[in-house]
Chemist: 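Here's a structure for you.
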Amino acid sequence: MGFDHDTTVWFSKTFGLFYLMALLLGVVVYAYWPSNKKRFDQAAQSILREEERPWR
């Protein structure tokens, strides 16, 4: 059984759509996972902690 061009394009577009949706869902879950909050807060404040004085 061979695949014609239209079937191959349909399959690749459908697979790509679901792959990217799953990847997006994984990133959102990782970003909002409660145990990651401390790490993200530390990263957000690190630039402010390491600054000794205003630039001039």
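These values consider heavy atoms only, across backbone and side chains, with no hydrogens, waters or symmetry-generated copies.
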Chemist: Once side chain to side chain contact (heavy atoms under 4.5 Å, CB included) is applied, do any residues pair with T14, and if so which ones, sequence neighbours excluded?
Modeler: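 Result, side chain to side chain contact (heavy atoms under 4.5 Å, CB included) vs T14: W10, F18.
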Chemist: Measure across T8 and F3 and return the closest heavy-atom pair with its distance rounded to 0.1 Å.
Modeler: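 Reported closest heavy-atom pair: OG1-CB, 3.7 Å.
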Chemist: How long is the straight-line distance from CZ of F40 back to OH of Y30, given to the nearest 0.5 Å?
Modeler: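 Atom-to-atom, Y30:OH and F40:CZ are 4.5 Å apart.
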Chemist: How about CZ on F11, more than 12 heavy atoms from neighbouring residues, nucleotides or ligands closer than 6.0 Å, or not?
Modeler: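 Not more than 12 within 6.0 Å, no.
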Chemist: Are M21 and V29 co-members of a hydrophobic cluster defined by side-chain heavy atoms under 4.5 Å apart?
Modeler: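 V29 does not cluster with M21.
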Chemist: With salt bridge (Lys or Arg N to Asp or Glu O under 4.0 Å) as the rule and sequence neighbours excluded, what pairs involving residues 34-43 come up?
Modeler: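 Matches after skipping sequence neighbours: K37-D41.
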Chemist: Under 4.5 Å between side-chain heavy atoms, hopping through other hydrophobics if needed: is there a path connecting V27 to Y19?
Modeler: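 The answer is no; the residues belong to distinct hydrophobic clusters.
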